[in-house]
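The structure appears right after this line, and notes come after that.
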Amino acid sequence: MTGIRLHNTLTRRKEDFAPLDPENVRMYVCGPTVYDRAHLGNARPVVVFDVLFRLLRHVYGAEHVTYVRNFTDVDDKINARAAEMRSAGDARPLEAIIRALTDETIRWYHDDMDALGALRPSAEPRATEWIGAMVAMTRDLIAKGHAYERDGHVLFRVRSYKDYGRLSGRSVDDMIAGARVEVAPFKEDPMDFVLWKPSTPDLPGWDSPWGRGRPGWHIECSAMARELLGETFDIHGGGIDLQFPHHENEIAQSICAHPEGGFARVWLHNEMLLVEGRKMSKSLGNFFTVRDLLEGNWSGGWKVPGEVIRFVYLSTHYSKPMDWTEEKARQAMETLTDWYSKTEDLDADSQGRWAFLLNLFNDLDTAGAIGKMHDLARDVARHPELKYAMEWFGFGFPDRLAPDAFRVKMATENNGADIVRVSWAGSLSPSAKRILMSKAHMLSSLRAAAKETKDFAPVDALKSSLVAAGVEVRMAKNEIGLVPGPDFDPAKLEALK
RNA sequence: GGCGGGUUGGCGGAGAGGUUACGCAGCGGAUUGCAAAUCCGUGAAGACCGGUUCGAUUCCGGUACCCGCCUCCA
């Protein structure tokens with residue numbers, strides 16, 4: 001049987017995945033800097049590596065996979081945001097503001113990523129809780145000649161690591177020739193980067209052999225990965241924009257500190273995200289957080305269920321740029337609504353799992369796997385397998401029901417010959433449901449009468465007013481269905497009697 | 001300037017050196033008081049130029065265009 005194959009950025013090839021220890025498969029993914037709501041770009045690696053996490057758990061057993069994703073809660077952007085808050089009138093000490101800010105942002109992050117159906121990682125270390133490990137690693141690097149202290153800074157000596165640049169395919173000399181590196185007087189070499197920097201009294205800081213200061217950005221991942229996963233582990237993931245310098249620097253630090261290790265064996269990088277074909281940016285007005293989408297506060301204007309966001313993300317292979325468009329979201333909404341209605345009352349059947357697992361084994365081909373799910377959706381007999389696939393992918397069925405946003409739980413009643421149904425999505429109020437139900441019955445009796453009189457005008461009139469109120473009307477042979485759409489306005493129905 | 005990615009049918013988007021991806025839209029049919037929905041069927045592609053091969057959209061080289069990174073960034 002073939003196993004998982006993954007494209008390793010380090011070797012630029014697709015390789016068979018063989019864990020160091022099948023009893024403990026270890027993965028580290030760079031998490032967010034917590035100073036604001038997660039945006040759409042932040043969410044892509046979360047979803048991508050969530051699928052990988054699920055796949056590893058499936059293959060090796062849930063208890064045999066350790067997934068670590070950090071929270072960066074010490075960072076100049078956080079300090080800057082806290083300083084803004086203080087000048088805006090927050091009277092608390094800066095450190096207290098920072099703590100409150102990062103705590104709150106972490107709660108937001110959990111809320112938003114939960115909404116996307118992402119499993120929580122096995123561990124989510126906060127950088128500030130591992131300062132000791134960072135100081136220790138920094139001391140070790142100095143002792144081994146890979147780092148040096150200058151003016152309260154500790155810098156990594158890039159020239160001391162011969163493979164520097166291997167991950168990103170760059171050479172130190174080329175990069176210096178590119179001349180876009182910060183030239184600081186205390187650096188031996190322009191490429192050297194900061195492991196530790198001094199803090200002024202008003203900034204967060206920790207005591208260290210080099211005075212009160214704070215860690216550089218890259219060291220936290222090296223230190224926490226080492227503490228929680230060991231000197232060598234299986235997979236390290238993150239966005240492609242982290243490939244350089246962040247991941248390059250992580251490798252340099254970790255391997256120089258623990259040459260006998262090897263740090264991460266497989267490096268996975270997800271490509272970037274675009275919005276309507278352009279880079280997401282505040283100036284273009286296409287910058288959205290996950291929360292913006294969930295609450296309808298975006299250019300599309302409608303509330304996008306987390307499952308839809310997840311579906312759109314998984315529709316594009318992780319290694320390709322993904323374009324978030326309203327059209328894709330709309331199609332995903334339709335597809336999921338269809339799938340949920342087909343599977344809601346069924347028991348999942350796992351026998352169809354190979355239909356999509358083989359796609360995932362092939363470098364996490366989620367788009368291909370979704371194609372296979374379409375195959376399952378097309379065949380009524382395989383809908384239980386579709387349900388299994390949906391649950392597997394995190395399009396969950398809490399309490400064995402479809403998510404509220406897709407709830408097509410029909411209120412079904414017999415009225416003469418017609419079956420009358422009102423579809424609803426959880427957000428519909430009970431009174432609105434009652435009105436819709438009565439209109440559906442009215443439609444049914446009007447049609448029954450019209451079949452005798454051959455005068456369909458009253459039927460059409462009611463139908464038109466329903467449509468005008470944003471309700472889709474479905475009239476089958478012995479069935480009448482009302483589907484309130486996104487523009488549904490109950491007030492317009494109350495008006496007509 | 002350096003490094004990396006991309007270019008597939010009207011749109012979105014995959015795999016695979018030779019056999020239908022798939023979805024949406026379109027078209028034809030069934031069904032329907034009408035319409036929608038649903039069901040069945042169906043046409044349509046691989047930026048350009050070379051090379052390897054019995055055979056390439058799939059491998060190799062070049063050209064064009066697009067995008068990202070090299071500065072905080074998932």
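Not measured: the values here are computed from a predicted model.
- Between the side chains of A/Thr200 and A/Asp202, at least one donor N or O sits under 3.5 Å from an acceptor N or O.
- Rounded to whole Å, the separation between the P atoms of B/C22 and B/C39 comes to 16 Å.
- A 3.5 Å limit on both hydrogen-bonding distances identifies B/C49 as the Watson-Crick or G-U partner of B/G61.
- Closest contact between the side chain of A/Leu273 and the listed nucleotides B/A74, B/G5, B/C73 involves B/A74.
- Counting to the nearest Å, the P atom of B/G5 and the CD atom of A/Gln243 are 9 Å from each other.
- Counting non-hydrogen atoms under 4.0 angstrom, A/Val467 reaches nothing in the nucleic acid.
- Minimum atom distance to the side chain of A/His39 is reached by B/C73, of the listed B/C22, B/C73, B/A14.
- At B/G23, one or more side-chain N or O atoms of A/Arg378 fall inside 4.0 Å of OP1 or OP2 (strictly under the cut-off).
- Judged purely by atom type and a 3.5 angstrom limit, A/Asn8 has no side-chain atom pairing as donor or acceptor with the backbone of A/Arg13.
- Residue-level contact check: A/Met475 touches the bases, meaning some heavy atom is under 4.0 Å from a base atom.
- Between A/Arg159 and A/Asp189 there is a salt bridge, with a side-chain nitrogen of the basic residue lying less than 4.0 Å from a carboxylate oxygen of the acidic one.
- Although no hydrogens or angles enter the test, the distance criterion places no donor-acceptor pair under 3.5 Å between the side chain of A/Glu307 and the main chain of A/Gly117.
- You'll find the side chain of A/Thr66 stays beyond 4.5 Å of the side chain of A/Phe233, heavy atoms only.
- Salt bridge A/Asp76/A/Arg214: present, at least one basic N to carboxylate O contact under 4.0 Å.
- Rounding to whole angstrom units, CD of residue A/Glu271 and P of B/C73 are separated by 17 Å.
- Annotation: B/C24 and B/U42 have their C1' atoms spaced 16 Å apart (nearest Å).
- Nucleotide B/A14 holds its P atom 14 Å from the CG atom of A/Leu360, rounded to whole Å.
- Proximity note for A/Lys14 (side chain, C-beta onward) versus B/C24, B/A16, B/G23: the nearest is B/A16.
- Each of A/Thr335 and A/Arg12 was matched to the nucleotide of RNA chain B holding its nearest heavy atom; the match closer to the 5' end belongs to A/Arg12.
- Comparing B/C39, B/G13, B/A37 by their closest approach to the side chain of A/Thr316 singles out B/G13.
- One atom, CG of A/Asn8, and another, P of B/G5, lie 14 Å apart when rounded to the nearest Å.
- The interatomic distance linking A/Phe356 (CZ) with B/C22 (C1') rounds to 16 Å, in whole Å.
- Comparing the P positions of B/U58 and B/A47 gives an interatomic distance of 8 Å, to the nearest angstrom.
- Rounded to whole Å, the C1' atom of B/U52 lies 23 Å from the corresponding atom of B/A64.
- When each of B/C69, B/G12, B/C72 is scored by its nearest atom to the side-chain atoms of A/Lys77, the top-ranked nucleotide is B/C72.
- Checked for salt-bridge contact, A/Asp192 and A/Lys187 miss the test: no charged N lies under 4.0 Å from a carboxylate O.
- Counting to the nearest Å, the C1' atom of B/C39 and the NE2 atom of A/His383 are 12 Å from each other.
- Of the candidate nucleotides B/G5, B/A37, B/G68, B/G5 has the atom lying nearest to any side-chain atom of A/Pro321.
- Pair assignment for B/C54: B/G18, on the basis of Watson-Crick or G-U wobble contacts that are both within less than 3.5 Å.
- Nucleic acid contact class of A/Gly41 (heavy atoms, under 4.0 Å, all strands): base.
- On the C1' atoms, B/G12 is 15 Å away from B/G26, given to the nearest whole Å.
- Dashed line: the shortest gap from a side-chain N or O of A/Lys463 to OP1 or OP2 of B/G33 is not under 4.0 Å.
- A/Lys197 has its NZ atom 9 Å from the P atom of B/C72, to the nearest Å.
- Within the 4.0 Å cut-off from OP1 or OP2 of B/C67, not a single side-chain nitrogen or oxygen of A/Lys320 is found.
- Within the shown strands, B/A30 is the pairing partner of B/U38 under the Watson-Crick or G-U definition, both distances less than 3.5 Å.
- For the pair A/Val158 and A/Met191, the tightest heavy-atom approach, listed with the atom from each and the gap, is CG2-O, 3.4 Å.
- In terms of phosphate contacts, A/Asn362 brings a side-chain nitrogen or oxygen within less than 4.0 Å of OP1 or OP2 of B/A16.
- In the set B/C72, B/G15, B/G23, the nucleotide with an atom closest to the side chain of A/His374 is B/G23.
- Listed candidates were B/A14, B/G33, B/A36. Nearest to the side chain of A/Ala367 is B/A14.
- When the nearest nucleotides of RNA chain B are assigned to A/Met280 and A/Val473 by heavy-atom distance, the more 5′-ward of the two goes with A/Val473.
- Of the P atoms belonging to B/G15 and B/A74, the separation is 27 Å, rounded to the nearest Å.
- Comparing the C1' positions of B/G23 and B/G9 gives a spacing of 13 Å, expressed to the nearest Å.
- Rounded to whole angstrom, the span from the CZ atom of A/Phe244 across to the C1' atom of B/G5 amounts to 18 Å.
- Atom P of B/A44 sits at a distance of 32 Å from the matching atom of B/U32, rounded to the whole Å.
- Across all strands shown, B/G23 forms a Watson-Crick or G-U wobble pair with B/C11, both key distances being under 3.5 Å.
- Nearest nucleotide to the side chain of A/Asn42, out of B/G33, B/A74, B/C73: B/A74.
- When distances are taken from the side chain of A/Lys451 to each of B/G23, B/G33, B/C72, the shortest belongs to B/G33.
- For B/C3, the paired nucleotide is B/G68, the pair qualifying as Watson-Crick or G-U wobble because both relevant distances are below 3.5 Å.
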